[in-house]
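For reference, the structure is listed below as structure tokens.
Protein chains get the first letters and strands the later ones, always in sequence-line order, with residue 1 at the start of each.
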Amino acid sequence: MTNREIAQLLRNIAAAYEVLGENRFRIIAYDRAAESIEHLTSELKDYWDDGKLGEIPAVGETIAGHLDELFKTGSSKHFASVMGKVPQAIFPLLMVPGLGPKKAYKLVKALKLTSAKSVIEDLGKAAKAHRIASIEGFGEKSESDILTGLEAFKKGQIKENRMVLPEADAIAHEVLTHIRKSPDAKHTDTLGSLRRWVSTVGDVDIAVATAKPKEVIDHFITFAHQKIIERGPTGASLLLHNGRQVDMRVGKPSAYGAMLQYFTGSKNHNIRLREYALAKGMSLNEYGIKDMRTGKLRTFETEEAFYKALGLAFIPPEIREDKGEIEAALRSAQGKPGGLPNLVELKDIRGDLHIHTSYNLEPSHDLGSSTLAEVLDKAHELGYSYVGISDHNPSKGNHSDNQIIDIMKRRKDKYEQQYSSWNARVKKRVHLVIMLEVDILSDGKLALPDEAYNYVDAVIVSVHSSFSQNKSDMTKRITNALQSHPKVRIFGHPTGRLLQKREGYELEWDTIFDICQHNDIALEINSFPDRLDLPDMLVFEAAKKGIKFCIDTDAHAAGQMNSMKFGVSVARRGWATKRDIVNCMDYNDFATWITKRR
DNA sequence: GCCGTTTTCGGCCCGACTGTTTTCAGTCG
């Protein structure tokens with residue numbers, strides 16, 4: 001069973017408990033355990049194999065015991081018994097917006113819906129036949145809401161509704177530019193997962209501080225849209241022509257800090273923060289901090305002041321995920337060691353090492369569309385001191401080893417020639433590193449003959465085929481590849497995931513981390529919009545072990561080199577500092593590292 | 001059922017919104 005499936009199982013137990021009227025804290029405990037398991041970076045089964053179920057946050061003795069039985073025998077008597085006490089038909093309904101355990105149970109009971117398989121269809125028919133409005137606790141409105149919810153669910157099943165971060169970022173940029181034209185918008189910020197730079201984002205949420213909310217809202221809705229979803233005194237929601245939703249929320253400048261904090265989340269960060277505050281006699285809400293004794297509310301213009309009032313250092317939005325940041329912020333504020341990390345910033349990046357040009361070396365995969373000179377110009381514009389060209393290797397199927405060696409030699413000559421003429425033209429120096437992105441073949445060999453390595457400074461290795469290998473084979477394949485040549489310095493887009501399209505392959509990460517550490521190989525954080533790979537949670541794990549990263553754009557056109565900020569955001573979400581990033585080194589240190597031979 | 005710079009017992013985040021209600025239950029983020 002995957003982590004997601006087990007999390008789902010625990011959520012269903014919580015729902016069943018809710019229907020059964022169980023103690024509500026027990027219900028919350030199961031929900032929290034589910035959430036925790038869903039966010040693990042390793043398979044739950046691996047924890048079990050190592051006898052470490054108890055180390056998982058929110059999993060205590062009891063749940064660990066049930067999970068142990070589940071892994072040992074394939075099922076848990078306790079789970080089965082709880083689930084058996086409620087009608088199975090309620091579970092699919094929990095996925096429908098607007099329906100929770102209690103309503104689902106009432107519906108299933110009143111309408112005698114027994115089949116979990118057809119319950120969605122059956123409920124839809126009942127709604128159309130107006131058999132819901134007469135059920136106690138329901139009415140005309142909830143009947144039509146349920147119908148809408150079912151429709152939304154059916155659509156949602158077909159297409160995932162979230163967008164990749166760069167798309168959300170682009171939309172936010174346009175909307176913010178529009179809002180800022182209003183003289184009444186004093187401050188503007190993004191909110192929610194977008195402000196925390198999560199790899200995928202649902203809606204674009206925006207906050208505006210203003211003394212004149214009506215004027216700002218009137219101005220906001222003049223942004224091109226197909227529909228105004230909602231419009232009230234505190235904000236408005238627009239459906240854009242591209243089908244995306246933008247929510248804007250307004251607040252007084254004097255209380256803007258609390259509003260930003262509250263709506264930035266994450267949910268888990270806010271829960272933990274409120275627990276922490278409560279212990280100090282303070283209650284938090286979106287308007288400020290309430291003193292529990294006097295009942296008085298203090299307001300804050302900025303988030304910095306808000307966190308400070310709690311005795312904490314400012315926590316960057318990217319790491320507000322309840323991964324120890326509150327404790328670290330407390331230590332920072334107290335001047336103790338183990339405080340918040342000094343997160344890497346875009347301006348710390350000194351070069352980009354994964355760029356494809358239009359030079360045709362008859363590769364196994366796609367060429368880029370910009371020339372070397374165009375890439376160098378762009379690197380210059382970005383203020384980089386070095387740039388690495390990592391085209392795909394010449395295809396193995398269409399060439400003999402000697403032909404590949406020949407192509408590689410010609411490529412090096414050509415690049416050096418082009419580079420020196422570019423250098424003569426541009427005064428500021430951008431160093432060129434001639435690299436290659438080499439396929440890791442299905443047997444773990446690299447798709448480049450040994451002699452061809454003479455014509456590159458270093459290589460990135462990545463998987464571009466046979467994605468469905470099992471975890472153990474894939475791990476062996478990659479560990480072999482990483483150790484097969486001393487010029488292998490970077491492991492490219494390590495999970496192979498494509499956001500919304502393809503799950504990454506499974507790897508034994510501890511093994512991979514060990515190899516990287518031992519050989520001083522950097523894990524790539526690939527900034528390409530639908531990759532953002534290595535994922536932030538794995539960056540967090542690897543960084544703890546002192547493994548190095550290389551943040552690259554994988555640009556196939558010079559313009560795509562602008563995507564660097566997304567890779568940086570992934571690194572930040574993984575608590576990485578500039579010392580963890582090889583392309584934050586100045587050229588001399590970097591040159592020593594990239595040419596290091598173990 | 002979980003968990004510990006208040007604690008191994010006794011607590012457990014907060015508020016908005018909605019629809020169905022005469023004061024609240026359920027759902028959501």
More than 12 heavy atoms of other residues, nucleotides or ligands under 6.0 Å from CZ of A:R331: is that the case?
->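 More than 12 within 6.0 Å, yes.
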Got a sec: does the CZ of A:R180 have more than 12 other heavy atoms crowding it under 6.0 Å?
->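 Above 12, so yes.
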[X] has an atom [atom1]; how far is it from atom [atom2] of [N], in whole Å?
| X | N | atom1 | atom2 | value |
| --- | --- | --- | --- | --- |
| A:Q261 | B:dC14 | CD | C1' | 12 Å |
| A:E61 | B:dG4 | CD | C1' | 16 Å |
| A:I13 | B:dC2 | CD1 | P | 13 Å |
| A:R26 | B:dG10 | CZ | P | 18 Å |
| A:D247 | B:dC28 | CG | P | 17 Å |
| A:N268 | B:dG29 | CG | P | 14 Å |
| A:F25 | B:dG1 | CZ | C1' | 11 Å |
| A:H269 | B:dG29 | NE2 | P | 20 Å |

Starting from the 5' end of DNA chain B, give me the residue, A:L94 or A:S142, whose nearest nucleotide shows up first.
-> A:S142
A:E140 or A:M292, whichever maps to the more 5' nucleotide of DNA chain B |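 The 5'-side residue here is A:M292.
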Minimum-distance nucleotide to [X] side chain [options: [options]]:
| X | options | answer |
| --- | --- | --- |
| A:K103 | B:dG1, B:dT27, B:dT5 | B:dT27 |
| A:P101 | B:dT27, B:dT5, B:dT20 | B:dT27 |
| A:E275 | B:dC12, B:dT18, B:dT27 | B:dC12 |
| A:L278 | B:dC12, B:dT5, B:dG1 | B:dC12 |
| A:D145 | B:dT6, B:dG19, B:dG1 | B:dG19 |

Between [N] and [M], how many Å separate the two [atom1] atoms, rounded to a whole number?
| N | M | atom1 | value |
| --- | --- | --- | --- |
| B:dT8 | B:dC3 | C1' | 9 Å |
| B:dT21 | B:dT27 | P | 16 Å |
| B:dT7 | B:dC2 | C1' | 13 Å |
| B:dG10 | B:dG15 | P | 26 Å |
| B:dC12 | B:dT6 | P | 14 Å |
| B:dA16 | B:dT22 | P | 23 Å |
| B:dC28 | B:dT20 | P | 16 Å |

Sugar-phosphate, base or nothing in reach of [X], heavy atoms under 4.0 Å:
| X | value |
| --- | --- |
| A:I63 | sugar-phosphate |
| A:L99 | sugar-phosphate |
| A:K102 | sugar-phosphate |
| A:A58 | sugar-phosphate |
| A:I28 | nothing |
| A:E136 | nothing |
| A:Y105 | nothing |
| A:R32 | sugar-phosphate |

Watson-Crick/G-U partner (both atom distances under 3.5 Å) of B:dG26 | B:dC17
Do A:Y262 and B:dG29 have a side chain to base donor-acceptor pair shorter than 3.5 Å?
->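 Side chain to base: pair present.
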Does [X] place a side-chain N or O at less than 4.0 Å from the phosphate oxygens OP1/OP2 of [N]?
| X | N | result |
| --- | --- | --- |
| A:N285 | B:dG15 | yes |
| A:K141 | B:dG19 | yes |
| A:Y287 | B:dA16 | yes |

A:Y30 vs A:Y17 aromatic rings, parallel, tilted or perpendicular, using cut-offs 30° and 60°?
->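 Rings of A:Y30 and A:Y17: perpendicular, over 60°.
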N-glycosidic conformation, B:dT22 - syn within 90 degrees of 0, else anti =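 Anti, angle beyond 90° from zero.
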Should the pair A:D46-A:K471 be classified as a salt bridge under the 4.0 Å nitrogen-to-oxygen rule?
-> yes
With the side chain counted from C-beta on, respond yes when A:L147 and A:E143 share a heavy-atom pair under 4.5 Å apart, and no when they do not.
->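 Side chain of A:L147 against side chain of A:E143, heavy atoms only: no contact under 4.5 Å found.
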Answer yes or no: is there a side-chain heavy-atom contact under 4.5 Å between A:T264 and A:D189?
-> no
Could you tell me whether A:K323 sits above the aromatic face of A:F540, with NZ or CZ closer than 6.0 angstrom to the six-membered ring centre and within 45 degrees of the axis?
->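 Judged by the rule, A:K323 and A:F540 form a cation-pi pair.
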Run through A:E321, A:E325, A:E318 and flag the one making a salt bridge (Lys or Arg N to Asp or Glu O under 4.0 Å) with A:R573.
->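 Only one option passes, and that is A:E321.
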